[in-house]
Amino acid sequence: MRVRYAPSPTGDPHVGNVRQAIWSWLFARHSGGDFLIRLEDTDQTRKVPGSLERIYGSLRWLGIDWDEGPDIGGPYAPYVQSERLPRYRVAADQLLADGHAYLCFCSSERLAEMRKAQQAAGESPGYDGLCRTLSVAEATTRAAAGEAHVVRFKMRDDGTTTLVDLLRGEITVENRHFDDFVILKSDQFPTYHLAHVVDDYEMQISHVTRGDEWLPSAPRHARIWDALGYARPTFVHFPVILGPDGGKLSKRHGAKSVLEYADEGYVAGAVFNFLAILGWSFDDKTELFTRARLTEIFDLADISVNPAAFDTQKLEWMNGVYLRDMPEPELTALFAERLDRDLPTDVARPLDRALIAAFTPHIRERVKLLSEVAGLVDFFFAASVVTPGADEFLSAKRWRDDAAGAAGSLRAIADTIEALADWSTAAIEAAMRGTAEAIDEKAGDVFTLCRLAVTGKRIAPPLFETIEIVGRETTVSRLRAAASALAPTV
RNA sequence: GCCCCUAUCGUCUAGUGGCCCAGGACGCCACCCUUUCAAGGUGGAAACGCGGGUUCGAUUCCCGCUGGGGGCACCA
């Protein structure tokens, strides 16, 4: 088995594209076959600088490796189409010599007018075959004289073309629905149609995997393989991915590149897992798989052919699962790296690694995205928290009309904490509960005030653990500061 | 307009003629746990697009319609 991922350098690969790479890679690795990268850059006008590096980066991030490619070469080098021009020329000449193709001198102006007329008449657009009637002698003469021309493949006739797609079975179409399409452009570059056939053949690709959008033109490719005398490969057309709304995947709705997902705090394992099972399933219940496991069980035949909508919520859930299941040291490292990036600059660097390790177990199941971490734990780092306004403290029913009572409770807890002998989560909890009882308040009501005072947040990691990590001194001062803000006089 | 692909809960899917008054997951709702929020546990609502066939019997096979997606470039 030899499979290739053949991106065009037109920007960052989006998720649909990447899923194709994942499936192709999984298929190759499953069968012990080769996986290679080939750059399809025959359109000189659409090149985007840096694309190739971004493509490599996306693949590497996901843990996809390749056996041959532009960067590492291989037995069929070069792996960049713009460096393989002579090969396409040879193939085109062979097609010309065998009568499967002809030179076309029609100008783009004539082509445009023709199309316009066809559409006005309600006909389907397509080349009318004018130059097909030219004698070989005349065509050769005009070309030799330097007249601009393209090479067209003789596709249109009375017959039918049948091909087999691995996922859909046999597909037969009538050739009259096709026109004679261009295989070699006037700039001497091949079109995709010719280039990929020549390359996939020469590179011994066994399974031509690609997006669904190629299905309608697959008959063209089948005809070229035949005309060139090549044995056809197995065609596999992958479904597209739809946006969350079921419409086309667009930049608006998360048609993001995987690199952007990395940026937002998704981990590679989750993204790989999610994309692998989007439109593919192993059985009726399993959804969480490691890369290794997927490699073992992946089968192209289990892909469902209808387009799947990208479910961001499920991806988030899965990312949370990956984060929770990760070994703690690894998670701590991830948090540290992320916090270094996200925490405000006034927090001194390097960040206290021991501190991060201390709170990691308490926030790991509260985080779905790495990008959420900073907002959850910033108070551990700040010298003083931004104390919420009084209305924040008094929003609970118990304290609504009792700022003095709230301040008093805070002071009582501060006194308790200050005098606490044993500094442990259990001791802190016991003492705080005892204090609440002693001042005849409900524990929950008091804890809410403390949470606000110590973390500055309504939603935070568990209180007692948090206090233990924040430390006695800081806790007490934050408690007293909040109390003073609520009721200046004792 | 023409051509191709496709059709199970809101979403991703299992299902390959009877096991299905359709199973799992995300999401949603309720309850439990609980110092907040999560996580976790339990339970619940939620689907075979429509019409014809074929068959003793169709979610499963065939046809049509409708819906969805894609394609009709000297782009890939």
Side-chain angles (χ1 to χ4, degrees), chain A residues 6-10 40-43 45-46 104 106-108 111-112 115 118-119 121-127 148-152 165 167-168 171 173-174 176-179 181-193 195-196 210-219 237 239-240 242 244-248 274 277-288 304-318 320-321 324 362-368 376 429 432-433 436 442-452 455 457-464 466:
Chain A
S8 291
T10 53
E40 311 225 310
D41 63 343
T42 54
D43 186 352
T45 64
R46 296 207 312 162
C104 171
C106 292
S107 66
S108 43
L111 259 22
R115 236 182 317 265
Q118 287 166 333
Q119 270 167 358
E123 297 166 17
S124 22
Y127 183 60
H149 62 277
V150 299
V151 178
R152 285 183 186 273
D165 174 85
L167 304 177
R168 304 155 227 266
I171 296 169
V173 288
E174 296 176 76
R176 65 186 175 85
H177 291 307
F178 292 89
D179 66 352
F181 57 97
V182 174
I183 54 176
L184 204 65
K185 303 183 248 185
S186 53
D187 64 1
Q188 296 300 301
F189 275 73
T191 58
Y192 170 84
H193 305 304
H196 99 272
R210 72 215 321 188
D212 226 347
E213 68 273 18
W214 289 113
L215 199 53
S217 50
H237 292 91
V240 296
L242 268 23
D245 57 352
K248 197 181 163 108
F274 177 77
I277 67 165
L278 183 63
W280 175 88
S281 68
F282 173 61
D283 59 17
D284 60 340
K285 45 179 73 77
T286 324
E287 299 197 299
L288 265 15
S304 57
V305 289
N306 49 331
F310 191 93
D311 186 350
T312 308
Q313 283 185 312
K314 188 155 186 174
L315 206 210
E316 274 189 25
W317 162 78
M318 195 173 279
V321 171
R324 269 174 257 132
H362 306 120
I363 63 164
R364 65 179 309 157
E365 51 197 32
R366 272 157 249 271
V367 174
K368 275 189 177 139
L376 201 57
E429 174 167 8
M432 287 177 66
R433 285 189 188 284
K442 277 201 274 191
D445 289 335
V446 177
F447 295 168
T448 297
L449 295 175
C450 295
R451 180 175 304 106
L452 240 19
T455 70
K457 302 176 196 307
R458 181 166 287 287
I459 294 168
L463 226 208
F464 316 120
T466 297

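Numbers restart at 1 for each chain; the letters A, B, ... are given by sequence-line order, proteins then strands.
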Check: Which is true for Lys285(A) with a 4.0 Å heavy-atom rule: it touches a base, it touches only sugar-phosphate, or it touches nothing?
Finding: sugar-phosphate

Next item on the list: Determine the contact category for Glu40(A): base if any of its heavy atoms lies under 4.0 Å from a base atom, sugar-phosphate if only primed atoms, P, OP1 or OP2 are that close, otherwise nothing.
Entry: sugar-phosphate

Check: Does a nitrogen or oxygen in the side chain of Thr191(A) sit under 4.0 Å from OP1 or OP2 of C74(B)?
Finding: no

Note to self: Looking at Lys185(A), I'd like to know whether one of its side-chain N or O atoms comes within less than 4.0 Å of OP1 or OP2 on A76(B).
What the structure shows: yes

Item checked: Contact check, side chains of Glu213(A) and Val240(A), non-hydrogen atoms, under 4.5 Å -> yes

Note to self: Measuring to OP1 and OP2 of U6(B), would you say a side-chain N or O of Arg168(A) lies under 4.0 angstrom away?
What the structure shows: no

Check: Tell me: CG of Asp43(A) to P of A76(B), nearest whole Å?
Finding: 5 Å

Note to self: Base, sugar-phosphate or nothing for Pro219(A)? Non-hydrogen atoms, less than 4.0 Å.
What the structure shows: nothing

Check: Touch check for Pro461(A), heavy atoms < 4.0 angstrom, all strands: base, sugar-phosphate only, or nothing?
Finding: base

Notebook entry, point to check: Contact class for Gly126(A) vs. all strands (heavy atom < 4.0 Å): base, sugar-phosphate, or nothing?
Noted result: nothing

Notebook entry, point to check: Does OP1 or OP2 of A76(B) have a side-chain N or O of Thr42(A) closer than 4.0 Å?
Noted result: yes

Next item on the list: Using a heavy-atom cut-off of under 4.0 Å over every strand shown, decide if Arg324(A) touches base, sugar-phosphate, or nothing.
Entry: sugar-phosphate

Margin query: Please tell me if Arg152(A) has a side-chain N or O lying less than 4.0 Å from either OP1 or OP2 of C74(B).
Written below: yes

Notebook entry, point to check: Should Ser304(A) be listed as having a side-chain N or O under 4.0 Å from OP1 or OP2 of U13(B)?
Noted result: yes

Next item on the list: Kindly say whether, by distance alone, the side chain of Ser108(A) makes a donor-acceptor pair under 3.5 Å with the base of C74(B)?
Entry: no

Next item on the list: Could you check whether Phe464(A) gets within reach of a base, just the sugar-phosphate, or nothing at all, counting any heavy atom under 4.0 Å?
Entry: base

Check: Is there a side-chain contact between Arg366(A) and Pro462(A), using heavy atoms and a 4.5 Å cut-off?
Finding: yes

Next item on the list: Under 4.0 Å between any heavy atoms, over every strand shown, what does Ser186(A) touch: base, sugar-phosphate, or nothing? Just pick one.
Entry: base

Margin query: Need one value for Ile363(A): base, sugar-phosphate or nothing, where a base atom within 4.0 Å counts as base even if backbone is also close, heavy atoms only.
Written below: nothing

Notebook entry, point to check: Contact class for Pro9(A) vs. all strands (heavy atom < 4.0 Å): base, sugar-phosphate, or nothing?
Noted result: nothing

Next item on the list: For Ala308(A), report the nucleic acid contact type (base, sugar-phosphate, nothing); a contact means any heavy atom under 4.0 Å.
Entry: sugar-phosphate

Check: Is Asn306(A) near enough to U8(B) that one of its side-chain N or O atoms lies under 4.0 angstrom from OP1 or OP2?
Finding: yes

Checklist line | Asp165(A) CG to G71(B) P, straight-line distance once rounded to whole Å | finding: 16 Å

